[in-house]
Peer 1: 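If you scroll down you'll find the structure; I have some questions about it.
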Amino acid sequence: MSLEEEIRALKDERDAVLLAHNYQRPEVQDLADFVGDSLYLSRKAMESDRAVIVFAGVRFMAETAKILNPDRTVLLPDPKAGCGLSDSITGEQVRAWKAEHPGAAVIAYINTSAEVKAEADSCCTSSNAVKIVEEVPPDREILFLPDMFLGDYVRQKTGRKMHLWVGDCPVHARLRPEGLDRARLEHPGAPIIAHPECGCASQVLPRVDRVLSTDGMVRFAEETRVPEVVVATEVGILHRMRRLNPTTRFTPLDAGAVCPYMKEIDLTDIRDSLALLRHRIDVAPDIALRARRALERMVAA
Ligand code: 13P
Ligand code: SF4
């Protein structure tokens with residue numbers, strides 16, 4: 001039996017659904033029941049009626065699935081799949097920041113630990129951050145964390161004054177304005193699409209054609225009929241784009257934009273995870289209860 005066949009059989013045996021993020025390895029995406037961005041996968045985890053959720057993504061995504069589905073088993077096939085951005089802020093740091101701004105609304109990007117989410121009023125993802133910020137009453141102060149580039153993008157889109165946590169994603173922070181100028185010269189006429197985590201938002205955003213979440217980029221790729229598109233995000237997304245639209249050339253802005261955390265999980269890990277029901281994600285009930293309120297606002301937006 002091939003590894004793929006073993007996984008399919010184990011999925012049935014365990015009554016499991018396999019969710020994969022757009023940055024996962026191609027062979028993992030190909031085997032998943034659902035592939036998408038953080039918001040789509042959070043919703044799919046809630047909609048599924050399977051007993052087990054295997055999350056091929058990173059820890060904060062699996063934790064989110066567990067918080068939203070406390071009665072189900074959630075597995076992260078490799079516990080090393082973390083997130084550099086999520087590591088940039090702790091629950092204690094949020095509490096100290098809140099103490100400096102009493103009454104402020106705290107908006108936490110989904111790329112955060114459960115403890116950080118528990119301190120937030122709302123969570124958001126790259127696809128609904130603007131909407132979530134717009135829901136905050138205009139006279140209320142806003143603390144946005146932890147990605148300063150996404151925060152700066154939202155600030156520009158909404159015109160809201162926001163305090164930004166100084167965190168960034170090590171993969172997207174390297175996608176800089178100079179690279180975009182070079183891409184314009186080297187790929188004349190090709191639209192450039194970018195993830196809002198890209199470095200130096202205020203300079204990057206005026207230079208690109210569209211700012212989109214990873215699913216927004218996939219939809220753009222599927223619908224476009226232009227000969228070439230330049231893609232400013234983690235390169236794992238190119239697999240899905242090329243499969244959905246084989247006639248357009250998808251060129252990464254930076255072929256070295258590879259998230260090591262997103263590549264931790266391979267097919268062997270998924271097979272072992274299903275066979276041994278490991279590595280289970282658990283969130284302390286008091287933290288889960290508070291984080292859930294903020295996450296419910298995110299999935300409803
Ligand atoms: P998306 O929600 O756009 O998929 O982004 C998640 C992420 O980790 C980007 O680095
Ligand atoms: Fe985290 Fe950046 Fe990797 Fe996304 S690409 S999981 S934000 S380190």
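Just so you know, ligand 1 is whichever comes first in the structure, and atom 1 is the first atom listed for that ligand.
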Peer 1: Please report which non-hydrogen protein atom sits nearest to atom 5 (O) of ligand 1, along with the residue it belongs to and the distance in Å to one decimal place.
Peer 2: His195 NE2, 3.3 Å
Peer 1: How far is atom 8 (O) of ligand 1 from its nearest protein heavy atom, and which residue and atom name does that atom have?
Peer 2: Asn111 ND2, 3.2 Å
Peer 1: Going by the order shown, which atoms of ligand 1 are within less than 4.0 Å of some heavy atom of Ser126?
Peer 2: 1 (P), 2 (O), 3 (O)
Peer 1: Does at least one non-hydrogen atom of Asn22 fall below 4.0 angstrom from an atom of ligand 1?
Peer 2: no
Peer 1: I'd like to check which ligand 1 atoms, numbered from 1 as shown, lie under 4.0 Å from a non-hydrogen atom of His172.
Peer 2: 10 (O)
Peer 1: Quick one about Ser213 and Asp37 (side-chain donor to acceptor, distance below 3.5 Å, no hydrogens or angles considered), yes or no?
Peer 2: yes
Peer 1: Inspect the contact between Glu119 and Arg290 and indicate whether a charged nitrogen and a carboxylate oxygen are less than 4.0 angstrom apart.
Peer 2: yes
Peer 1: Quick check: does Cys83 have an N/O/S atom under 2.8 Å of atom 2 (Fe) of ligand 2?
Peer 2: no
Peer 1: Could Arg59 and Asp78 be called an ion pair, given the rule that one side-chain N must be under 4.0 Å from one carboxylate O?
Peer 2: no
Peer 1: Does ligand 1 have an atom that lies less than 4.0 angstrom from a heavy atom of Met217?
Peer 2: no
Peer 1: Glu197: heavy atom below 4.0 Å from ligand 2, yes or no?
Peer 2: yes
Peer 1: Heavy atom under 4.0 Å from ligand 1: found in Glu234's side chain, backbone, both, or neither?
Peer 2: neither
Peer 1: Between Asp33 and Lys44, does any side-chain N to carboxylate O distance fall below 4.0 Å?
Peer 2: no
Peer 1: Do the side chains of Lys263 and Glu234 get close enough for a salt bridge, i.e. N-O under 4.0 angstrom?
Peer 2: yes
Peer 1: Nearest protein heavy-atom contact for atom 3 (Fe) of ligand 2: which residue, which atom, what distance?
Peer 2: Cys259 SG, 2.4 Å
Peer 1: Tell me whether Asp37 has any N or O atom under 3.5 angstrom from an N or O of ligand 1.
Peer 2: no
Peer 1: Give yes if a backbone or side-chain nitrogen or oxygen of Ser213 is under 3.5 Å from a nitrogen or oxygen of ligand 1, and no if not.
Peer 2: no
Peer 1: Considering only the protein, which heavy-atom contact is closest to atom 6 (C) of ligand 1, and what is its distance?
Peer 2: Ser38 OG, 3.4 Å
Peer 1: Could you verify whether a donor N or O on one side chain and an acceptor N or O on the other, from Tyr109 and Ser86, lie under 3.5 Å apart?
Peer 2: no
Peer 1: Inspect the contact between Arg155 and Asp152 and indicate whether a charged nitrogen and a carboxylate oxygen are less than 4.0 angstrom apart.
Peer 2: yes
Peer 1: Taking the six-membered ring for Trp, are Trp97 and Trp165 parallel (under 30°), tilted (30 to 60°) or perpendicular (over 60°)?
Peer 2: perpendicular
Peer 1: Using a 4.0 Å heavy-atom cut-off, say whether Ile110 meets ligand 1 through its side chain, its backbone, both or neither.
Peer 2: neither
Peer 1: Closer than 4.0 Å to some heavy atom of Gly84 - which atoms of ligand 2 meet that?
Peer 2: 8 (S)
Peer 1: With a 4.0 Å cut-off on N to O distance, would you call Arg95 and Glu115 a salt bridge?
Peer 2: yes
Peer 1: Can you tell which of Arg249, Arg182, Glu228 makes a side-chain hydrogen bond (donor to acceptor under 3.5 Å, both in side chains) with His187?
Peer 2: Glu228
Peer 1: As a check for students: among Thr233, Leu85, Asn111, Asp147, identify the option with a heavy atom nearest to atom 4 (Fe) of ligand 2.
Peer 2: Asn111
Peer 1: Checking a contact table here: which protein heavy atom is nearest atom 10 (O) of ligand 1, and how many Å away?
Peer 2: Glu197 OE1, 3.0 Å
Peer 1: Should the pair Tyr40 and Phe34 be assigned to parallel (<30°), tilted (30 to 60°) or perpendicular (>60°) ring geometry?
Peer 2: perpendicular
Peer 1: Provide the number and element of each atom of ligand 1 under 4.0 Å from a heavy atom of His21.
Peer 2: 1 (P), 4 (O), 6 (C)
Peer 1: Which residue holds the protein heavy atom closest to atom 2 (Fe) of ligand 2, what is that atom called, and what is the gap in Å?
Peer 2: Cys169 SG, 2.3 Å
Peer 1: Less than 4.0 angstrom from a charged side-chain N to a carboxylate O is my criterion; do Arg292 and Glu296 meet it?
Peer 2: yes
